[in-house]
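What follows is one structure encoded as structure tokens, with my remarks underneath.
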Amino acid sequence: DNTTTRLNFCGGEKFNTIEGDNKRNALEYRWPNLTTTEAVSKQGQVFWENQYNKHGTCCSDLYDQDAYFELAIDLKDKFDLLKILGKHGITPRTSYHTSNNIKMAIRAVTKAVPNISCLDNFRGSLTELSEIGICFNREADRVIDCPLPKSCRPKGTKGITFP
């Protein structure tokens, strides 16, 4: 992202299937597709393709596809969101969280404002945390406040649920 707008689907080189078990295993461990099985994820690579086409194309003059995914792994290791949230009492299968609590937990480590995205469950009575975005400058060497940061407005009385 840059400092004023989100950068998505910037064009340029499109995704090439990731070859090699080591690369696929590293990505599956650190950046899994949580909506399908490991085998389907590694074979079809639809999730990684979408992520690269959405975000990786915006920095393809700085990082080729291999470097982009290596960077993603390095940043995931540096900013382990499950550990960050857990240190602030936000753990899987808990409820009654607010966007502010989640943002403050992330901000305590990154020193920047993240994006928080949620989904309402099929009955519309629960709001579940679905994504946390940490924004970086174009070179990915500095965390920045996310431009136009997203928040969640929970439905019902349980606040935001961390599934």
Side-chain angles (χ1 to χ4, degrees), residues 1-36 38 40-88 90-92 97-119 128-152 160 162-163:
D1 289 337
N2 68 26
T3 58
T4 59
T5 187
R6 293 184 195 111
L7 298 176
N8 294 317
F9 301 107
C10 297
E13 296 281 328
K14 294 296 182 196
F15 178 82
N16 293 309
T17 301
I18 298 168
E19 302 294 334
D21 287 339
N22 288 344
K23 289 180 185 178
R24 286 192 301 260
N25 289 339
L27 277 169
E28 184 62 31
Y29 178 73
R30 292 192 184 80
W31 203 3
N33 179 348
L34 300 176
T35 63
T36 190
E38 180 177 335
V40 168
S41 176
K42 286 179 181 178
Q43 179 65 32
Q45 301 183 15
V46 173
F47 174 71
W48 299 323
E49 178 179 9
N50 182 55
Q51 293 302 308
Y52 181 76
N53 290 339
K54 182 176 182 180
H55 302 293
T57 57
C58 297
C59 60
S60 58
D61 60 323
L62 297 173
Y63 302 100
D64 65 14
Q65 181 178 306
D66 285 339
Y68 170 79
F69 283 114
E70 285 297 320
L71 176 65
I73 288 170
D74 291 345
L75 292 174
K76 195 294 186 185
D77 289 346
K78 184 174 182 178
F79 299 106
D80 187 326
L81 293 175
L82 285 176
K83 286 182 183 177
I84 293 169
L85 293 173
K87 287 181 181 179
H88 290 86
I90 303 168
T91 56
H97 305 293
T98 66
S99 277
N100 194 51
N101 291 8
I102 296 165
K103 283 183 179 184
M104 294 310 291
I106 303 304
R107 191 173 186 172
V109 173
T110 65
K111 311 298 184 221
V113 177
N115 277 326
I116 308 294
S117 297
C118 296
L119 296 172
E128 295 181 341
L129 179 64
S130 63
E131 184 177 320
I132 297 172
I134 299 173
C135 298
F136 298 87
N137 66 343
R138 193 161 180 278
E139 294 77 21
D141 60 1
R142 186 172 44 89
V143 179
I144 62 170
D145 288 340
C146 289
L148 311 170
K150 299 180 198 175
S151 289
C152 300
I160 298 169
F162 185 16

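Below, all heavy atoms of this structure are taken into account, side chains as well, without hydrogens, waters or symmetry copies. Since this is a predicted model, take the numbers as computed values, not measurements. Along the sequence shown, residues are numbered consecutively beginning with 1.
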Open item on the list: side-chain contact (heavy atoms from CB on, under 4.5 Å) for Trp48 and Glu28? Distances and angles first, verdict last.
Closed with: CA-CA 10 Å; Trp48 299 323; Glu28 184 62 31; 3.7 Å; yes

- [ ] Start with the C-alpha distance between Lys42 and Asp21, add both sets of side-chain angles, then the distance that settles side-chain contact (heavy atoms from CB on, under 4.5 Å), and finish with yes or no.
- [x] CA-CA 9 Å; Lys42 286 179 181 178; Asp21 287 339; over 6 Å; no

Answer yes or no: is there a side-chain heavy-atom contact under 4.5 Å between [X] and [Y]?
X	Y	answer
Ile132	Ile116	yes
Ser41	Pro32	no
Ile106	His88	no
Phe136	Ile144	no
Asn100	Met104	yes
Phe47	Thr36	no

List the atom of [X], the atom of [Y], and the distance in Å for their closest heavy-atom pair.
X	Y	result
Pro149	Pro114	CB-O, 3.8 Å
Ile73	Arg30	CG2-CD, 3.4 Å
Ser99	Ile160	N-CD1, 3.5 Å
Ile90	Ala105	CD1-CB, 4.3 Å
Lys111	Ala108	NZ-O, 2.7 Å
Asp145	Ala112	OD1-CA, 3.2 Å

Let me confirm one number: the [atom1]-[atom2] distance from [X] to [Y], rounded to the nearest 0.5 Å.
X	Y	atom1	atom2	answer
Leu85	Leu81	CG	CG	6.0 Å
His97	Cys152	NE2	SG	12.0 Å
Lys103	Thr110	NZ	OG1	11.5 Å
His55	Asn50	NE2	CG	7.5 Å
Leu75	Glu70	CG	CD	11.0 Å
Leu71	Asp66	CG	CG	12.5 Å

- [ ] Could you tell me how the ring of Tyr68 sits relative to the ring of Trp31: parallel (under 30°), tilted (30 to 60°) or perpendicular (over 60°)?
- [x]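 Plane angle between 30° and 60°, so tilted.
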
Open item on the list: Using only atom types and a distance under 3.5 Å, with no angle test, would you say the side chain of Asn53 pairs donor to acceptor with the backbone of Lys14?
Closed with: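 Here the side-chain-to-backbone pair does not exist.
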
Task: Check: Ser117 main-chain N/O paired with Ser130 side-chain donor or acceptor under 3.5 Å - done: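 Indeed, once roles are kept as given, a pair shorter than 3.5 Å links the two residues.
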
Task: Results of ring-ring contact (aromatic ring centres under 6.0 Å, His included) for Tyr63 - residues two or more places apart only - done: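 None.
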
Task: Under the ring-ring contact (aromatic ring centres under 6.0 Å, His included) test, residues paired with Phe15 that sit two or more places apart - done: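 Applying ring-ring contact (aromatic ring centres under 6.0 Å, His included) to Phe15 gives none.
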
